[in-house]
Structure formats: structure tokens, C-alpha cells
Amino acid sequence: MVLVWGIWLGSVALVIALALGFAATVPMMRRRIPDEPDHPTLHGMACEAVTFESREDHIKLGGWWMPAPGTVRGLRGTIIVCPGQNGSLDKDIPQVKPLHDAGFQVLMFDFRAHGKSDGRLVSLGVMEQFDLLGALDYVQQIHGAEQVGVMGFSMGAGVALMTAAQDERIAALVVDGAYPRLAGLLTAWGRMRGISLIAARGLAWVMLLIGSLRARYQLYRANPADVIANVRVPTLFIHGEADPFVSNEEIQKLVDAAPGATELWLVAGAEHREAYTRNTAEYNRRITDWFERYL
């Protein structure tokens, strides 16, 4: 009888865990509501709307192409910007202006299930790598850019790192709000909601497994820490010292594991992706200097 009760209680607990995990993946993976509309021309940047396809599954992606100011196009190089899990790329447009003003060509685009792009599921950086590969194909085929810089925010930072580990067209990186492992992010998400550490870790893995079934890809393998040894390009890491998702020790380990030239800028008092608003002038100077030096 005790064994029967144990099996029954275990089954109930499993069903509850799966139900909670599925419920948690719905807001995590659903299509994002766009941010408040913005436009590069409102910030003094000429642009044209562009569309291209993601690699592999050919999802239609939309964005803005901003040619370098002046008469000599592409002299300073090309930079692709990978947004985070905002509603759309609109929110990141101000952070592109210093690069454009410095003479770089810039491509901004929405990941799948965001803004101007098609798609119904956010895959937390797994299939978004196909989107960045599609962007690399686009700037090479249409604008002749053989080597580019990539700037990524949060999820886009993870995508930038994982793609740089596999594509030699990426010559320099700036990553703001990077992370080593998805399971760690989801565990921190659970802890911020008052869940105990053990329960949060378990829920994180249930979410990754269910999310993998929904996306038909293994989300739990989309970890920059697993491929960082192959990221040999110069990489500037920007991280808020008060980031609730990734500790300073975790980001330092990621930086130390990268074999290329690296620099870590820890921004005092900043939480996740607050470095720009906390110290805008220094932020703009550092990202521009990095790409001028290495691109």
C-alpha cells in the first residue's frame, strides 16, 4: 500500500511539474508584442527597410539597413545588431547612432517572432542563430561585406557568441548582458519569483525540456559556455554588476574561457542591460572604440 501511495503521489507531482513547466513556457516562447514604434530617421540616420530569410527554415525577417554617412560607403566596416527579447528592434535604435555617426554601415533586424519578422515561437537563442546566419548572408550577398562586427544584447548576446563560434565572417563582437547557460537564466528567473533554489533548478530543466518539444530543437544545448572556446574573435563584454540573472563570477568565467582578445566592462550599480542608461557617454565611447580597433 505504501508503494502504491508513493507511485501515485510521484505521478501527481510529475503531472503538476509538467503542467507548471508548460504554463511557464507559454509567455517565455510566445510572439512578442512590439515596442513603441521608432525609426532611424528620427535619430538622424538614413535607412531603408529590408527583408531577408533566416538560414535553414527560411523564415522572413525584417529590419533596417543604414548605409554609412558620407560618400565612401563601407569604409569603416559593417556592424550587425542583434536585439534581445524586446518586443521589437525599435528600442535599440538609439544605441546604434554612435556607430553610424562613426562611419559604420549598420544592419538592424528583428529576430523571429519579434517586430517586423515572421514566426510564432521565440526559441531563446537556438533557432535565432539561423536568423543571424541569414543576416550574415544578406550583408555579404547584397552589400559585399565579407567580415563584419556584431553587437548583441541579452539573448542577442548569446546568439552572437554562439554564431561567432561557427562562422568566420564575424570579426569582432560587443556583447551586452551575455550569459553562460540558459538553465542558469531560468533558475534565476524562478528565484526572483520566490521559488526555492532546488525547485527553481528543477523547473528550469522542465521548462527547457518542454520548450525543446515545442520548438523541435534542443533548447538546453544553446549555451555560450559550451562553445566559448571557439570564439576566437576580439570580444568586449559589457555587464551590469547588479545583474540579477548572471553573477559577476559567472561572466568573468565566460570571459576567461574565450581564447581571443577580450575585455570586460563591469558597470557599477547597473542591472541587466542598464549599462547604456547608467553611463551613456562611456558606453558609446567603448563600443565605438572597440569596433574601430578590431573591425
Side-chain angles (χ1 to χ4, degrees), residues 76-84 92 95-96 98-99 102 104 106 125 128-129 132-133 135-136 145-185 188 221-276 278-295:
R76 299 301 297 276
T78 300
I79 297 172
I80 298 174
V81 178
C82 296
D92 298 325
Q95 290 184 244
V96 170
L99 297 173
F104 292 101
V106 179
E128 285 79 6
Q129 294 173 71
L132 178 51
L133 289 168
L136 289 163
E146 300 288 343
Q147 295 281 289
V148 306
V150 175
M151 181 164 69
F153 307 119
S154 192
M155 181 183 75
V159 171
L161 288 168
M162 291 184 288
T163 307
Q166 59 185 298
D167 197 307
E168 294 182 352
R169 290 175 294 182
I170 298 177
L173 289 172
V174 172
V175 290
D176 180 349
Y179 56 90
R181 298 185 181 279
L182 275 179
L185 285 183
R221 290 190 175 180
N223 300 311
D226 292 339
V227 297
I228 192 67
N230 296 322
V231 181
R232 303 184 181 279
V233 301
T235 305
L236 170 62
F237 290 82
I238 301 174
H239 191 74
E241 284 190 332
D243 192 315
F245 298 104
V246 180
S247 70
N248 297 336
E249 292 75 19
E250 288 176 307
I251 199 66
Q252 186 65 62
K253 287 181 180 179
L254 195 64
V255 173
D256 292 342
T262 59
E263 183 177 314
L264 172 60
W265 180 33
L266 286 173
V267 183
E271 295 191 12
H272 189 66
R273 280 211 63 190
E274 286 187 348
Y276 176 74
R278 287 272 181 171
N279 199 336
T280 302
E282 180 67 8
Y283 189 103
N284 291 342
R285 184 191 69 79
R286 283 178 179 263
I287 65 170
T288 303
D289 287 352
W290 191 262
F291 284 124
E292 286 179 341
R293 190 188 318 170
Y294 290 110
L295 190 56

For residues [X] and [Y], report the shortest heavy-atom separation together with the two atoms involved.
X: I79; Y: F291; answer: CD1-CD1, 3.5 Å
X: G84; Y: S154; answer: CA-CB, 4.3 Å
X: A178; Y: I251; answer: O-CD1, 3.8 Å
X: A275; Y: I238; answer: CB-CG2, 3.6 Å
X: E271; Y: P244; answer: CB-CD, 4.3 Å
X: R278; Y: G269; answer: NH2-O, 2.9 Å

Could you tell me the separation between the [atom1] atom of [X] and the [atom2] atom of [Y], rounded to the nearest 0.5 Å?
X: L133; Y: T163; atom1: CG; atom2: OG1; result: 5.0 Å
X: L161; Y: N230; atom1: CG; atom2: CG; result: 12.0 Å
X: D226; Y: R181; atom1: CG; atom2: CZ; result: 4.0 Å
X: T288; Y: Y283; atom1: OG1; atom2: OH; result: 10.5 Å
X: L136; Y: I80; atom1: CG; atom2: CD1; result: 4.0 Å
X: W265; Y: W290; atom1: CH2; atom2: CH2; result: 13.5 Å

Run the salt-bridge test on [X] and [Y] with the 4.0 Å N-O cut-off and return the result as yes or no.
X: E292; Y: R76; answer: yes
X: R293; Y: D289; answer: no
X: R273; Y: D243; answer: no
X: E249; Y: K253; answer: no

Sub-4.5 Å side-chain heavy-atom contact between [X] and [Y]:
X: L264; Y: T262; value: no
X: V231; Y: M162; value: no
X: V267; Y: E241; value: no
X: F237; Y: D176; value: no
X: C82; Y: L132; value: yes
X: R169; Y: E146; value: no

Ignoring hydrogens and geometry, is there a side-chain-to-backbone donor-acceptor pair from H272 to H239 under 3.5 Å? no

For L182, is there any backbone N or O sitting under 3.5 Å from a side-chain donor or acceptor partner on N223? yes

Hey, are [Y] and [X] close enough side-chain-wise for a donor-acceptor pair under 3.5 Å?
X: Y179; Y: E250; result: no
X: Y276; Y: N284; result: no
X: N248; Y: Q252; result: no

Show, in sequence, the C-alpha distance, side-chain angles and deciding distance for R286 and E263, and conclude whether the salt bridge (Lys or Arg N to Asp or Glu O under 4.0 Å) test is met. CA-CA 10 Å; R286 283 178 179 263; E263 183 177 314; 3.1 Å; yes

Taking side chain to side chain donor-acceptor pair (under 3.5 Å) as the definition, give me every residue that meets it alongside Q166, ordered by chain and number, with sequence neighbours left out. Q129

